[in-house]
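Below: one structure, written as structure tokens.
Protein chains get the first letters and strands the later ones, always in sequence-line order, with residue 1 at the start of each. What you see is a predicted model, and the numbers here were worked out from it, not measured in a lab. Below, each value reflects all heavy atoms present in this structure, side chains not excepted, and no hydrogens, waters or symmetry copies.
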Amino acid sequence: GENVEQHPSTLSVQEGDSAVIKCTYSDSASNYFPWYKQELGKGPQLIIDIRSNVGEKKDQRIAVTLNKTAKHFSLHITETQPEDSAVYFCAASTRANAGKSTFGDGTTLTVKP
Amino acid sequence: DAGVTQSPTHLIKTRGQQVTLRCSPKSGHDTVSWYQQALGQGPQFIFQYYEEEERQRGNFPDRFSGHQFPNYSSELNVNALLLGDSALYLCASSSSGDSSSNYGYTFGSGTRLTVV
């Protein structure tokens, strides 16, 4: 089955700096890669996603890149703010099995004011 | 527009007991997936329900079962509870009609199950 590895497990940055979280996946059939933000006491919230036919996607301060050949994808957050502090999860799935996502173990991001 | 609603929010059970968790999907969604999230880990897929049937299942024992009702709401049942079943149980919903838009899911806030 699919295996998703996520690094780093913790990340601390100063407000205004950039943060990068990286994930690798094992199943070449995976073609959908969402990123979720989970705040304390809440469920994961989708913040951005990318499909395998796209190399990069941006949404304001957040961007995701995908390298299908190397089977890795990354989340980039620019101009970080204290409210960006949360646990971030990457996931992978196929369109055929879109309900069955495999998640990474998460990255705890702390943005220091 | 109500999102995904899960109940109860917290639950404490004794080893060997049975538990039922409930989920109401987001309005307009017809597919429900259940995930188990242990402390410090990512969610793990349990199973998915669509048209009142289990469509896919993850690596969970038969002690975990579910049901989907005609109104698309769903239940997760766990029998013979073990200490290791203590976790946050998440329900996520989506629409089977999302063919061109994102495939992402809307998650509920979860039910925190503690087995003692």
Side-chain angles (χ1 to χ4, degrees), chain A residues 1-10 21 23-25 27 29-54 57 59 62 64 73 75 86-108, chain B residues 3-6 9-10 21 23 25-26 29-51 53-60 66 68 74 87-112:
Chain A
E2 175 67 278
N3 181 50
V4 176
E5 294 189 358
Q6 183 172 347
H7 300 279
S9 57
T10 61
I21 303 171
C23 288
T24 61
Y25 62 99
D27 188 352
S30 290
N31 58 8
Y32 176 63
F33 308 93
W35 286 88
Y36 293 89
K37 175 183 181 182
Q38 187 173 26
E39 297 175 313
L40 203 61
K42 297 184 180 180
Q45 178 188 9
L46 177 70
I47 56 172
I48 195 168
D49 57 9
I50 192 168
R51 303 180 194 180
S52 59
N53 60 346
V54 175
K57 183 177 178 180
D59 182 4
I62 295 174
V64 57
F73 54 114
L75 177 71
V87 181
Y88 290 81
F89 291 97
C90 62
S93 69
T94 65
R95 179 62 184 99
N97 293 301
K100 187 179 179 182
S101 292
T102 301
F103 283 74
D105 281 338
T107 296
T108 300
Chain B
V4 177
T5 305
Q6 291 188 244
T9 55
H10 296 84
L21 311 181
C23 170
K26 181 178 178 179
H29 286 183
D30 57 6
T31 304
V32 173
S33 297
W34 286 92
Y35 287 81
Q36 180 194 66
Q37 186 177 22
L39 205 59
Q41 296 183 17
Q44 284 198 305
F45 176 76
I46 302 175
F47 43 53
Q48 181 187 65
Y49 276 83
Y50 172 66
E51 292 188 331
E53 291 188 358
E54 182 183 296
R55 295 181 73 191
Q56 298 186 76
R57 189 178 183 92
N59 295 325
F60 280 80
Q68 186 179 35
S74 177
L88 180 68
Y89 288 85
L90 294 162
C91 171
S93 72
S94 66
S95 171
S96 60
D98 278 342
S99 59
S100 59
S101 60
N102 74 75
Y103 311 148
Y105 286 76
T106 300
F107 280 87
S109 293
T111 293
R112 173 71 63 187

query = With sequence neighbours excluded, what pairs up with B/Phe45 under the ring pair (Phe, Tyr, Trp, His ring centres under 6.0 Å) test?
reply =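 So B/Phe45 forms a ring pair (Phe, Tyr, Trp, His ring centres under 6.0 Å) with B/Tyr35.
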What is the minimum heavy-atom distance between [X] and [Y], and which atoms define it?
X       : Y        : answer
A/Phe89 : B/Gln37  : CZ-NE2, 3.3 Å
B/Arg57 : A/Lys100 : O-NZ, 3.8 Å
B/Leu90 : A/Pro44  : CD1-CD, 3.7 Å

Which bit of [X] is near chain A, if near means a heavy-atom gap under 4.5 Å: side chain, backbone, both or neither?
X        : result
B/Arg112 : neither
B/Leu88  : side chain
B/Ser33  : side chain

Counting heavy-atom pairs under 4.5 Å with chain A, the top scorer among B/Cys91, B/Gly110, B/Ser109 is B/Ser109
Toward chain B, the part of A/Gln38 with a non-hydrogen atom under 4.5 Å: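 It is the side chain, since no backbone atom gets that close.
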Hey, is CD on A/Gln45 packed in by over 12 heavy atoms from elsewhere, all under 6.0 Å?
no
